[in-house]
Amino acid sequence: MSADERTFDADELYTMEDMETLPSSSNMVDEPNTETLNLLNKPNPSLKFCSMTIEETLGNLDTDIEFGLSSNEEVMRRREIHGFNEFKDEEKESLIKKFFMCFVEDRLILLLIGSAVLSFVLGHIDDAVSISLAILIVVTVGFIQEYRSEKSLEALNKLVPTKCHVIRCGREATSLASELVPGDLIRFQIGDRIPADLRIVEAADLSIDESNLTGETNPVHKDTIEVDTAEFENSNVPVSDRSCIAFMGTLVKEGRGKGIVIGTGTNTSYGAIYEMVNEIEKPRTPLQETMDKLGKDLSYISFFIIAIICIVGVLRGNSWLQMFQISVSLAVAAIPEGLPIIVTVTLALGVLRMTKRNAIVRRLPSVETLGSVNVICSDKTGTLTTNHMTVAKVWSYSSHGVFNNALSPEEIVKDELTSDVKQTILIGNICNNTIYSDEHRMQMGNPTDVAVLEMLDELEIPDARSDFNRKQEITFNSRRKFMAVRGDYHDSKQILYVKGAFERILSKSVSYLNENGEKEDLDDDARQIILDAAYECAAQGLRTIGCAYKDLTDVESSEEEENSIEDNDINALTFTGLFGLADPPRPTVPAAIKKLIKSGVHIIMITGDSENTAVSIAEKIGIPVIDRNSSVMTGERVSQLTEDELSKVIDKVNIFARATPENKLNIVKALQKRGDIVAMTGDGVNDAPALKLADIGVSMGIMGTDVAKEVSDMILTDDDFSSILTAIEEGKGIFNNIQNFLTFQLSISVATLALIAITTIAKLPAPLNPMQILWINIIMDGPPAQSLGVEPVDPEVMDRPPRSRDERILSLKLILRLFYIAACILIGTFYIFLEGLNGEHEMSRKDFTMTFTGFVFFAIFNAIACRHSTKSIFQIGLFTNKIFNVAIFLSFSGQMCAIYLPFLQHIFKTEFLPLHDILKLLLISSSVLIIDEIRKLAGRLFTFEEEVFSSEV
């Protein structure tokens, strides 16, 4: 059938049986670990077409291996069915509607809106404006952060190349990738990014980097041979084993090829990831949940107490208007309207500090969540390791058969090398297709080949490829497991160099090269020595590459045979040695892991490497492997366990080896089901669903894909795991600052409510009038409270365990502290109040001024005491928080203005106080700081005695 005669039936593309296997997305939010976890391997056409021959693929898609699709009409027809080759979000709510919804979704915001309205009704315009401004700032900042996070899915489109080379009607042209349809014929070569899921129909030395999809760092060698599904359970071929499929967004590292488009847009492997990212809802942070609860509790408690005060006041003979004004003033004072803005400012400043320490936080609430993280799931490659393959050892028989005697590059002296080591290095040099890219300013090629050439540069050994006349190359592939190059040096003797998997090289060798350059028979003892060295190399977490050669000069063969050596001709080799290649751990990682483990954080390493390699790396960086049976789990085992079963055993697991992207979602869900707060690191597109599902998604700034960065909460600009440690320190410090601020502000609110309640019930004059209450609220909610949020992080925070997800921000310890502080303020202020009260229960204007000023001074000393919950002000330093000192000065100055400036005296009903009265008030009010310092000293002495006792025991 000619190209022009072919017709297209849409039903032939994907049968109803195929369509029924596609999972519904309706359940994906609730159960992402069931159907969602299988999306990568099941729902796209690559599973169907990887087992088809080229002829079957062409017939199924009704296309041609030379001409492609038959006409533009055919292309349009298919596009109507399958749509464009791109990702599009569903229609979203308008930004204006979302913005206004932010005002009604937060109880604390609603409470603040109510207090602003009441203040406006009573004529307190300044207070109403300040509260409204605080609300607007908080809501706007939160909205912007949320809007940015919703842009994450757009980054997927960046992985699809803008243009590609498509063959239609026998003519090749450059086309927009978004216009591709199933059946299109695509040509690609080194450096190209695959524009859609393709069934490869032509491959020449083809190697594709699939790391951003599968997580595997080594390029995958591709061919045109269909996969035998009988080798896999239920015929479900994993993505990494679909060797005849080129996946959208992956990068061609070597060679060239052609492919037939089998899937576009969301009907690709990347489309499966898109579905997962689109459906997974980001969990609320512990801080957001705590603030919601706090706002609800404060509103109920405050209004209940204020209602009682108002009713009692009326029953005692006060007018309804007077009690209503006092009640509104108390409501404004009791409700911490500064809390949202201070929390926002504190988090924002934390973000700025963390940026200077190589950690960019994209969502403000995530900063505090970092302090609650008790499990970190980390990729190995690029996070715990440098993600750069290097030659760690060169082994040969001159190492006396012991791998520990192998030479590291630092130990190699090129003028003193033995013949077998020289020959091993030469083979690694000749069997090498690495090239230097001017565009990227780096060596481009297989990581193993790049590592060998970089070693040559370090040793100042010249590249021998220019002197070698290459006549034939047999490329590496997953079945052959070796690469061979035949040629000569300046038309001298013919020689064959071979490099590859050591088992394969060893099986084809009959002799080995000794240190003097002489061949010796490879008997069973010699083979065992090589095997032992190779296994020891693998046990040390190194990738093992074997090298061998064959002298062809004396081999009798015709010229035709010389030019066409086949796989079967590669035998009777002379083994020369092994390369041990490593992706070394980052030097800062061991110390960071040690500190995190000490602070109660469970570190889990997730890798696609073998169990031996994973354990070796773990031991080097300090991840404990106490019992290999319980500490190490394979991805295959994870797939066999239900979510409940995994959650019961995961607390003992420190390493997941041979893990797949689907396993990561299972792991995160199992940890969260236990109540853990999980941080997940990742850099590839395949990591995006797990990054979004985790409480804290951490992506890499250098090696990370745009998709991973967009769905993550934090980006490590240096790709270094140790930066997570500094981020957690900052998160814990921020939470402490929020608690200190709450202690200060709520203790003032409790003292104010109690003072008014007692005097109302006792039918005494109100010690503070409504304007004075509002003034206290303004100067205390303002500079002093906000400056407590920028207190420097205490380095000792890492000595404390992560806080539980269920732990309230108002802990019992904090409540007890704020109540005893409130009691000190109440007793001291009440003493000043009673001292001015005469027998007729009347007070002069001066006495009211004394009570008012005394309360403000108590609040100032309370702010100083609240800078730290356990350390003395002299331990943390009087001048370590300059902003706080300025704030205290401004508050003190403001109060002096209120009692000395005539204009403000009229507003606040105050009068001039002589200096001795000011000093008296300062002395009395300082008692709150002195008492708190005594409490801290007693706590330190008790802790010291407890530590001494424990050490003696």
Practice task
Inspect the contact between Arg256 and Glu202 and indicate whether a charged nitrogen and a carboxylate oxygen are less than 4.0 angstrom apart.
Solution key: yes

Handout entry: Close side-chain approach of Ser207 and Lys222, heavy atoms under 4.5 Å
Key = no

Handout entry: Residues, nucleotides or ligands: over 12 heavy atoms within 6.0 Å of Glu411 CD
Key = yes

Fill in the blank from the handout: When rounded to the nearest 0.5 Å, the distance separating OG1 of Thr390 from NE2 of His388 is 7.0 Å

Exercise for the section: May I ask you to check whether over 12 heavy atoms, not counting those of Arg527, lie within 6.0 Å of atom CZ? Expected result: yes

Handout entry: Greater than 12 external heavy atoms within 6.0 Å of Glu503's CD
Key = yes

Problem - Between Ser639 and Asn663, a side-chain donor and acceptor under 3.5 Å - result: yes

Exercise for the section: Mark yes or no for whether Asp583, through its side chain, and Thr385, through its backbone, hold a donor-acceptor pair below 3.5 Å. Expected result: no

Problem - Short side-chain to backbone donor-acceptor contact, Lys481 and Ile505, under 3.5 Å - result: no

Problem - Pairwise side-chain contact, Val485 with Leu496, heavy-atom cut-off 4.5 Å (strictly under) - result: no

Handout entry: Asp551 and Lys519 ion-paired at < 4.0 Å
Key = no

Problem - Spacing of CD1 belonging to Ile194 relative to CD belonging to Glu210, to within rounding of 0.5 Å - result: 9.5 Å

Handout entry: Interatomic distance, Ile667 atom CD1 to Phe656 atom CZ [nearest 0.5 angstrom]
Key = 4.0 Å

Exercise for the section: Could you tell me whether the side chain of Asp532 reaches within less than 4.5 Å of the side chain of Gln528, counting heavy atoms only? Expected result: yes

Problem - Side-chain (Asn516) to main-chain (Glu518) donor-acceptor, under 3.5 angstrom - result: no

Practice task
Side-chain contact test, heavy atoms from C-beta onward, threshold under 4.5 Å: evaluate it for Pro195 versus Leu180 and give yes or no.
Solution key: yes

Exercise for the section: I would like to know whether Thr634 and Glu636 meet side-chain hydrogen bond (donor to acceptor under 3.5 Å, both in side chains); could you show each step before the answer? Expected result: CA-CA 5 Å; Thr634 63; Glu636 181 181 2; 5.0 Å; no

Practice task
Find the distance between CG (Leu453) and CD (Glu458) and round it off to the nearest 0.5 Å.
Solution key: 11.5 Å

Problem - Chi angles and distances behind the side-chain hydrogen bond (donor to acceptor under 3.5 Å, both in side chains) call for Arg193, Thr250 - result: CA-CA 6 Å; Arg193 198 169 284 279; Thr250 56; over 6 Å; no

Practice task
Give a yes or no on whether Asp521 atom CG has more than 12 heavy-atom contacts from other residues, nucleotides or ligands under 6.0 Å away.
Solution key: no

Problem - Donor-acceptor under 3.5 Å (Arg543 side chain, Phe579 main chain) - result: no

Problem - Flag for Ser511-Thr574: side-chain donor and acceptor within less than 3.5 Å - result: yes

Exercise for the section: List the steps, then state whether side-chain hydrogen bond (donor to acceptor under 3.5 Å, both in side chains) holds for Thr386 with Arg586. Expected result: CA-CA 6 Å; Thr386 59; Arg586 290 180 179 271; over 6 Å; no

Practice task
Just jot down the side-chain contact (heavy atoms from CB on, under 4.5 Å) partners of Asn629, sequence neighbours excluded, or say none.
Solution key: Asp627

Practice task
Ignoring hydrogens and angles, tell me if any N or O in the side chain of Asn429 forms a donor-acceptor pair with the backbone of Ala464 under 3.5 Å.
Solution key: yes

Exercise for the section: Might you work through the salt bridge (Lys or Arg N to Asp or Glu O under 4.0 Å) test for Lys471 and Asp488, ending with a clear yes or no? Expected result: CA-CA 8 Å; Lys471 293 186 176 181; Asp488 60 58; 3.2 Å; yes

Exercise for the section: Taking Tyr397 for its side chain and Ala526 for its backbone only, find out whether a donor-acceptor pair lies under 3.5 Å. Expected result: yes

Handout entry: Rounded distance (nearest 0.5 Å) linking atom CD1 of Ile427 with atom NZ of Lys499
Key = 10.5 Å

Handout entry: Gly259 backbone acceptor or donor facing Arg187 side chain under 3.5 Å
Key = no

Exercise for the section: Go through the side-chain N and O atoms of Ser396 and Asp420 and say whether any donor and acceptor fall under 3.5 Å apart. Expected result: yes

Problem - Thr576 and Thr424: CA distance, side-chain angles, deciding distance, side-chain hydrogen bond (donor to acceptor under 3.5 Å, both in side chains) verdict - result: CA-CA 6 Å; Thr576 64; Thr424 301; 3.1 Å; yes

Practice task
For Arg470 and Ile430, indicate whether the former's side chain and the latter's backbone hold a donor-acceptor pair under 3.5 Å.
Solution key: yes

Exercise for the section: Please check if any side-chain donor atom of Asn433 sits under 3.5 Å from a side-chain acceptor atom of Glu473, or the reverse. Expected result: yes

Exercise for the section: Return the orientation label for the Phe468 and Tyr497 ring planes: parallel under 30°, perpendicular over 60°, tilted otherwise. Expected result: tilted

Exercise for the section: Keeping the roles fixed (side chain from Asn432, backbone from Gly428), state whether a donor-acceptor pair exists under 3.5 Å. Expected result: yes

Handout entry: Asn60 side chain to Glu56 side chain, donor-acceptor N/O pair below 3.5 angstrom
Key = no

Practice task
Measure centre to centre between the rings of Phe575 and Tyr549, then say whether the value is under 6.0 Å.
Solution key: no

Handout entry: CZ-CD1 distance between Arg628 and Ile655, expressed to the nearest 0.5 angstrom
Key = 8.0 Å

Exercise for the section: Verify whether one side chain among His165 and Gln189 offers a donor that lies under 3.5 Å from an acceptor in the other. Expected result: no

